[in-house]
Amino acid sequence: MSLNYIILRNLKKNIKNYYLYVFALIFSVALYFSFVTLQFDPAMDEVGESMKGGAAIGASSVLLVAIVAIFLLYANTIFIKRRSKEIGLFQLIGLTKTRIFALLSAENLILYFGSLFIGIGAGFVMSRLILMILFKILEIDKLAKLRFSPEAFQRTVLVFAVVYVLIMIMNYTFIRAQSILSLFKTTSTTQGLVKKMPLWEIIMGLLGIGFIAAGYYVSSQLFSGKFTGMNGLMLAMIIILALVIAGTYLFYKGSVSFIFNVIRKRKKGYLSINEVLSLSSIMFRMKSNALLLTVITTVSALAIGLLSLSYISYYSVETSAKESSPHDFGFVMKDAGANFVQALDQKKIGYTVLEIPTIRVKLDLGEVLESSKFPDNDTSLEATVISDSSLEGKDVQPGEVMITGYTHALQSMLKLRDSGEVDFYTKDGVIKQQLSELSEKPVLPYYYGGGVIGVFVVDESVFQELTAHQDPNLQNNKPGSWNYRGIMLKDHSQVKEAYNIYLEQKPEFPSFAQYEYEINQRTNMGLIMFIVGFLGLTFLITSGCILYFKQMDESEEEKDGYTILRKLGFTQGDLLRGIQFKQLFNFGIPLVVGLCHSYFAVKSGWFFFGTEMLTPMFVVMAVYTVLYSIFGLLSVLYYKRVIRESL
Amino acid sequence: MVIMQANKIYKTYGNKFNKQEVLKGIDLQVNKGEFVGIMGPSGSGKTTLLNVLSSIDRVSKGTIEIEGKEFTGMKEKQLAEFRKHHLGFIFQDYNLLDTLTVKENIMLPLSITGMSKKEAHQKFDQVSGELGIHELKDKYPAEISGGQKQRTSAARAFVHDPSIIFADEPTGALDSKSASDLLNKLAAMNSKRQATIVMVTHDAVAASYCSRVVFIRDGQIYTQLNKGDESRQSFFNDIISTQGVLGGVTQ
Ligand SMILES: Nc1ncnc2c1ncn2[C@@H]1O[C@H](COP(=O)(O)OP(=O)(O)OP(=O)(O)O)[C@@H](O)[C@H]1O
Ligand SMILES: [Mg+2]
């Protein structure tokens, strides 16, 4: 039996067993290669105004390498352990350790570099698809060209060669530590795991649930006004993170077995097959994987959270552009607006002009404020007031006031009652109005009229009165030349044309173009979403693979149990149902915990990112769940094979 | 009353080109309440015989009936159904699920049949009492001794009142004290409950507890010994001498 023969035979056997590893390897190479290809693609320089697309991708490719490298090294530890028997056997028949190492290295070399080149090929094809997706996200009208980048090729081969060397070093130390004795060691670890539940584990279980709940609670209070200042917020966030991460760890270490134990105790020894396969097995096994599961849960929660947030802001690009600038264009300086309108006339673009006179007034929200975090109980502030005649279809009664532009972000920081007295201070006295309505709808550009609180709308007669008695110190405009003018296009499809005019004229600040906000946010958020999605996908696949590999080990350790059960008269179908039940927990628990974490993370601060939370968040979660479930299904298929072969 | 009837059973392993005939036409009849021992040299096909008799493995040729039901032609699903109602097993290496407590292990066969909880608990109390493992009920297999494990395994075999109990070298891993404890328990169960037991063993002492011992050689029945009214000691002597002849022939 020559060495080459052994290598080939092993390789054949291993590819069958480790197809998922090979697949994951090819996939990671492909992802990395296409990512780096993007980085070196000249098209990327046109992407993004405030940040260079290529640079952003380059920076995140470092993260990508880290994820992939950790995954490959971790997977390798799983596989090399599985082969410790084989290694012991080689030693028994007289192979030296160096020889065995050479054998493994050769085998790995073929497997690894084979996958590397297949991966690069796949990545080459994929890079075009990915560029197309990116262009689609950023709404760039451009054809993605297929371009082979030698730099990307070099970089990929280099990075993965380094990972290969690391894997070899790991294998070498493993083999050196291995003795023939390991041949006789049983791989089963359950023996040591199974014992009665000690008290501290129950305490740990309760603490875990408590920590997570506390973390969630603090996160829901994060922007409610309890934590003020940058330091306060920072501290609160660190506390949340620490609570949730520690809670997650304790949850896997104690809570799961604690809960399962309670359920099991209630059965008084009379367990159904589903419970035998799921409860009793997970109870003992999940805690030995606590650290791994905590890392996976935390990182996936992070990925889902970031992805949700960037998708939220991408999703609400149009509405947030409207918040920033409610009209297609807005001008304050008289001539700037006039020039623009002239140019529109020339190009025959139809429009309407809305003149909105404004006035700055000092006012006191007093009893409208629900929770006060104003220093010294001084509840007065400065705001912009407009007349209801400037708003079409809105009639505010004399004596009443409406607050517009009271957005989600504002709502979370400044809670207002929907009725109460608002006092306007003028030069000559106080004008009292009753609050009649809170509206999210913006009426003036954020930078112009918004500020701390939205824009106040009063009846025309009240507006006249306020103007007559206005405090000149508050007005930052020179009367006559400063007046807000909003321009709405009759046909919104002409907005690009109009925006080009706007760009050409480069009107001086303050002037606003809704379209500008829109594309800026779309490219920035689109790019972030793309990168986070990319990294998240890689992490999802690698962590899914790790869980699958763990299940592979577990199924083989439990094979004897399946033999017993089948001898006792349980059918393959019974066992498979039990296993499906078990995998529902094995994959479901980390998934649900991860989703919960990200839900609370997103919920605590989403309003800074956009105007709609649920739809984009659920889309992200649904996609994640579906992709993740694939690994659960694959593991069930693996179990099916083990069960079939168990008798 | 005949409870199990095996007619001309054959078992071959391997494929067309590399065949190994392990059982070569065995006829065996077991009556209700009998305690049958199966002995023979290593590799003679005892485990194989037990596996096919207990429907865990399929015969290549021949028929087997238990309680008048022929099962060699049944589908895997029917076989499983058959096993859970009619058969009990005790294995050499205990075959307990180590993630389940003693009680959960023993009640396993009851949960398949869907017996009511109350009845199940009664059954458990009775069997575990008889085998002296009631106090161990909340322990895990890793926390009890080999003999206790084997008794747990026995309790699991008895708990659902199967028609036949199959035991493959149940005393193989036990010291002589635990072995005789277990055998006494088995014999008691056999006489008290009229439980039918078929047991494979290497050990002449173990075999002497049986009412009949069947000797296998090269996949065929070589001879049988009936205990009749003999004392255990003289039956033991008979077994030893037959074993001597048998062993001498095989070598
Ligand atoms: N699954 C199998 N595939 C192929 N051959 C088998 C298989 N199981 C058993 N054999 C062969 O059948 C023969 C009988 O095996 P069996 O296990 O029945 O012997 P045994 O009498 O129980 O021996 P022991 O006393 O050592 O347990 C042996 O030669 C063995 O090699
Ligand atoms: Mg045997």
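All chains are named by letter (A, B, ...) in the order of the sequence lines, taking the proteins before the strands, and each is independently numbered beginning at 1.
Taking CG of B:Leu100 as the reference point, atom CD of A:Glu275 lies at 10.5 Å (rounded to 0.5 Å). We find the CZ-CD1 distance between B:Phe91 and A:Ile564 to be 8.0 Å, quoted to the nearest 0.5 Å. Rounding to the nearest 0.5 Å gives a distance of 9.5 Å between CD of A:Glu557 and CG of B:Asp98.
Remark: A:Lys640 NZ is loosely packed, at most 12 non-hydrogen atoms of other residues, nucleotides or ligands lying under 6.0 Å away. Crowding of A:Lys265 atom NZ: a count of heavy atoms from other residues, nucleotides or ligands under 6.0 Å not exceeding 12. The environment of NZ in A:Lys267 is sparse: at most 12 heavy-atom neighbours from other residues, nucleotides or ligands sit within 6.0 Å.
Contacts from residues 566-573 of chain A to chain B, taken as heavy-atom pairs separated by less than 4.5 Å, involve A:Arg566, A:Lys567, A:Leu568, A:Gly569, A:Phe570, A:Thr571, A:Gln572 in sequence order.
No part of A:Leu279 comes within reach of chain B, as not one of its non-hydrogen atoms sits under 4.5 angstrom from that chain. Of the two parts of A:Leu647, only the side chain, counted from C-beta on, holds a non-hydrogen atom closer than 4.5 Å to a non-hydrogen atom of chain B. Looking at B:Phe82, there are no atoms closer than 4.5 Å to chain A (heavy atoms on both sides), in backbone or side chain. Interface remark: B:Ile106 contributes no atoms to any contact with chain A (heavy atom separation under 4.5 Å).
Comparing B:Asn105, B:Leu108, B:Thr101 by how many heavy-atom pairs each has under 4.5 Å with chain A, the most go to B:Leu108. Chain A forms the most heavy-atom pairs under 4.5 Å with one residue out of B:Met107, B:Glu81, B:His85, and that residue is B:Met107. Chain A forms the most heavy-atom pairs under 4.5 Å with one residue out of B:Glu76, B:Lys137, B:Lys77, and that residue is B:Glu76.
Closest non-hydrogen pair, A:Gly561 versus B:Leu97, comes out as CA-CD2, 3.2 Å. Scanning both residues, A:Lys268 and B:His121, for their nearest heavy atoms gives O-CE1, 2.9 Å. Closest non-hydrogen pair, B:Thr99 versus A:Ser280, comes out as OG1-OG, 3.4 Å.
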Quick one: side chains of residues 167-174 of chain B, donor-acceptor pairs under 3.5 Å with protein atoms, not counting sequence neighbours, listed by atom name and distance.
{"from": "B:Asp168", "atom 1": "OD2", "to": "B:Thr47", "atom 2": "OG1", "distance (Å)": "3.3"}

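At distances below 3.5 Å, not a single donor-acceptor pair connects side-chain atoms of B:Ser111 with backbone N or O atoms of A:Tyr270.
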